[in-house]
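A, B, ... follow the sequence lines: proteins, then strands. Residue 1 opens every chain.
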2 protein chains.
Amino acid sequence: MPSSRKPRAAPDAPKVGFNPLYMQVRDMLVQRMAHGVWGPGDALPSEQELAKELGVSQGTVRKALDDLTDRNLVVRRQGRGTFVAEHDEARILFRFLKIAPDDGAPVFPVSRILSAERRRASAEECARLELERDADVIHVRRIRLLGGRPVISETVTLPARSFPGLAEGEIPNNLYGLYAAEFGVTIAKAIERIKAVVLAPEEAALLEVAPGHPALHIDRLALSLEGTPVELRVSLCVTDLCHYRSELH
Amino acid sequence: MPSSRKPRAAPDAPKVGFNPLYMQVRDMLVQRMAHGVWGPGDALPSEQELAKELGVSQGTVRKALDDLTDRNLVVRRQGRGTFVAEHDEARILFRFLKIAPDDGAPVFPVSRILSAERRRASAEECARLELERDADVIHVRRIRLLGGRPVISETVTLPARSFPGLAEGEIPNNLYGLYAAEFGVTIAKAIERIKAVVLAPEEAALLEVAPGHPALHIDRLALSLEGTPVELRVSLCVTDLCHYRSELH
DNA sequence: TAGTGGTCTAGACCACTTC
DNA sequence: AAGTGGTCTAGACCACTAG
């Protein structure tokens, strides 16, 4: 490891800026994942190997990996190994898909793309995505269907720089899987603000309900592994047959 | 500990039903907290003491306590000790209060009690709270204000059996603190279902908006330490100046 | 200074997967 | 049988709090 410490050597100076070894190990592993040394689905070296390479004990590596497991960045399988988390598994349904049908289990909504285009970022977009004044963004608009009925109207805003060519290519249902596979961007967490609104005529038409129908207005900011904001997403969701799921721990 | 295992004794039979020691320790500690051996705010014995008492290593006790920390059941303070979590701290603001003003930090909403009465549980209430057919429940209705304006209309339903006399006494702002202090019931987690609705005239009047105004309809089921459902809460929330906060990890 | 939780190490064995 | 993660132990020292 970069910083100091053999089991019991001469007392190494720093009393302040104390940073536990396992956190350094953890951050270093995150760096490597973020920089594509290990991509989604890849196996990490075993605990023993990492410990040897970094000159720390296996227990310290374990603690770092347990931390990453808690953050859903890696998946550990007894007897097999430790793997970088993927975003195309059933797990994502419970992580980033909060809308579920009132009866029955969550289903991945089918998407119908309305448009995908590049344009100059607005002042607000610049601020929230931490972009320079004159940066470009990609706007993706789509309708999502649950059980055959249009339920969510979504507007996704992305920094054009980080997702070159996205607007021109095929846009799959699972965006976070695409971000990871094609652009090396892993979504680690997101923050949502939810309000209740009534639908304007245009939106109501898209969702096939009457104007003035109530809907959830969900404003999401998604962050990458490093904590950089990488996606802005505004959803309008009609909740006649579904709901937003939230667990408080 | 009840079940088996000294470091390396004669090979004790069970290969199946394998349950790690630290989980047994953890469950035993939860039992004691649930049964009031240690109440909210109390200090637990130190790791050393617990390890000695239970005949396991300190590391195993630590792992059990770390698990309880993750579940917000205990709070550990370096140099001081381990304490049973309380529900009247600022922490609760981020745990169970998901409504925040659009600008500025979350504030604890002031409450105005409308009614508190005991009645026979409906069929649905029986089902969701896992009560017998003819059980009684307590209904508390209140309005909650944010920045002086009425924002949330709340209906709380409790099993009368678990909260004797609650309807007759003083009802404070912080209900979960009351449950813990007066009735020995600790809320450990909750599940919410959120929909968008438009307000009927009566509710609109209470919240001082026009009928037809959009609002969040939040349906919460709160569970105790043991996982028993203990509170049903339906909130109608006007989101003109505030929003529902949700973090996706 | 004593006691607590927090970190780190070293080594053992267990359970699971794969060959 | 070999290799991986999972559990458990034992003992050391560090950082923080309180008397």
Side-chain angles (χ1 to χ4, degrees), chain A residues 1-27 29 42-70 73-85, chain B residues 1-27 29 42-70 73-85:
Chain A
M1 286 304 298
S3 139
S4 64
R5 299 198 63 178
K6 277 283 155 52
R8 231 22 52 203
D12 21 354
K15 286 266 190 209
V16 294
F18 168 69
N19 210 16
L21 249 188
Y22 79 90
M23 289 188 188
Q24 301 176 36
V25 173
R26 179 197 62 195
D27 294 343
L29 294 173
D42 288 357
L44 269 59
S46 73
E47 295 180 354
Q48 293 287 4
E49 287 174 303
L50 285 172
K52 191 174 172 187
E53 175 197 338
L54 303 173
V56 302
S57 82
Q58 186 188 357
T60 299
V61 172
R62 169 177 296 278
K63 199 164 182 189
L65 288 173
D66 283 346
D67 197 335
L68 295 180
T69 301
D70 291 341
L73 297 187
V74 302
V75 177
R76 318 192 71 190
R77 287 195 250 258
Q78 191 175 59
R80 298 197 48 205
T82 304
F83 304 84
V84 180
Chain B
M1 287 305 299
S3 139
S4 59
R5 302 200 57 180
K6 276 283 155 49
R8 232 21 54 202
D12 20 354
K15 288 261 187 209
V16 295
F18 168 70
N19 209 16
L21 250 189
Y22 79 92
M23 289 188 188
Q24 301 176 35
V25 174
R26 179 197 63 195
D27 293 343
L29 294 173
D42 289 356
L44 269 60
S46 74
E47 295 180 354
Q48 292 287 4
E49 288 174 301
L50 285 172
K52 192 174 172 187
E53 175 198 338
L54 303 173
V56 301
S57 82
Q58 186 188 356
T60 299
V61 172
R62 169 177 296 278
K63 199 162 182 189
L65 288 172
D66 283 345
D67 197 338
L68 295 180
T69 302
D70 291 342
L73 298 186
V74 302
V75 178
R76 317 192 71 189
R77 286 195 251 258
Q78 190 175 59
R80 296 195 52 205
T82 304
F83 304 84
V84 181

Take the protein atom [atom1] of [X] and the nucleotide atom [atom2] of [N], then report the distance between them rounded to whole Å.
X       : N      : atom1 : atom2 : answer
A/Lys63 : C/dT9  : NZ    : P     : 11 Å
A/Phe83 : D/dG3  : CZ    : C1'   : 12 Å
A/Leu65 : D/dT4  : CG    : C1'   : 12 Å
B/Asn19 : D/dG6  : CG    : P     : 16 Å
A/Leu44 : D/dG5  : CG    : P     : 9 Å
A/Met23 : C/dT7  : CE    : C1'   : 10 Å
A/Leu21 : D/dA12 : CG    : C1'   : 15 Å
B/Gln58 : C/dG6  : CD    : C1'   : 10 Å

Report task. Check every atom of D/dG6, C/dG6, D/dT7 against the side chain of A/Arg76 and return the nucleotide holding the closest atom. Result -> D/dG6
Query raised in the report: Between B/Thr60 and D/dT9, does any side-chain N or O lie under 4.0 Å from OP1 or OP2?
Result: yes
Query raised in the report: Within the modelled atom types, does a donor on one side and an acceptor on the other bring the side chain of B/Arg62 and the base of C/dG6 under 3.5 Å apart?
Result: yes
Query raised in the report: Counting only N and O atoms by type, is there a donor-acceptor contact under 3.5 Å from the side chain of B/Gln24 to the main-chain atoms of B/Asn19?
Result: yes
Report task. Show your working on side-chain contact (heavy atoms from CB on, under 4.5 Å) between B/Leu44 and B/Leu65 and close with a plain yes or no. Result -> CA-CA 10 Å; B/Leu44 269 60; B/Leu65 288 172; 3.9 Å; yes
Report task. For the pair A/Met23 and A/Arg26, evaluate side-chain contact (heavy atoms from CB on, under 4.5 Å) and give the outcome as yes or no after the intermediate values. Result -> CA-CA 5 Å; A/Met23 289 188 188; A/Arg26 179 197 62 195; 3.9 Å; yes
Query raised in the report: If pairing requires Watson-Crick or G-U wobble contacts with both distances under 3.5 Å, which nucleotide is the partner of D/dA10?
Result: C/dT9
Query raised in the report: What pairs with A/Gln48 under side-chain contact (heavy atoms from CB on, under 4.5 Å), at least two apart in sequence or on another chain?
Result: A/Ser46, A/Gln58
**Report entry** All side-chain contact (heavy atoms from CB on, under 4.5 Å) counterparts of A/Asp66, not counting sequence neighbours
**Finding:**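 Partners of A/Asp66 under the side-chain contact (heavy atoms from CB on, under 4.5 Å) test: A/Arg62, A/Arg76.
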**Report entry** Test side-chain contact (heavy atoms from CB on, under 4.5 Å) applied to B/Leu68 and B/Thr82, step by step
**Finding:** CA-CA 10 Å; B/Leu68 295 180; B/Thr82 304; over 6 Å; no
When you compare the protein's N or O atoms with those of nucleotides 1-4 of chain C, which come within less than 3.5 Å of each other, and at what distance?
| from | atom 1 | to | atom 2 | distance (Å) |
| --- | --- | --- | --- | --- |
| C/dG3 | N2 | B/Gly79 | O | 2.9 |
| C/dT4 | O2 | B/Gly79 | N | 3.1 |

Requested in this report: Take A/Leu29 and A/Leu73 through the test side-chain contact (heavy atoms from CB on, under 4.5 Å) and record every step on the way to the result.
Outcome: CA-CA 10 Å; A/Leu29 294 173; A/Leu73 297 187; over 6 Å; no
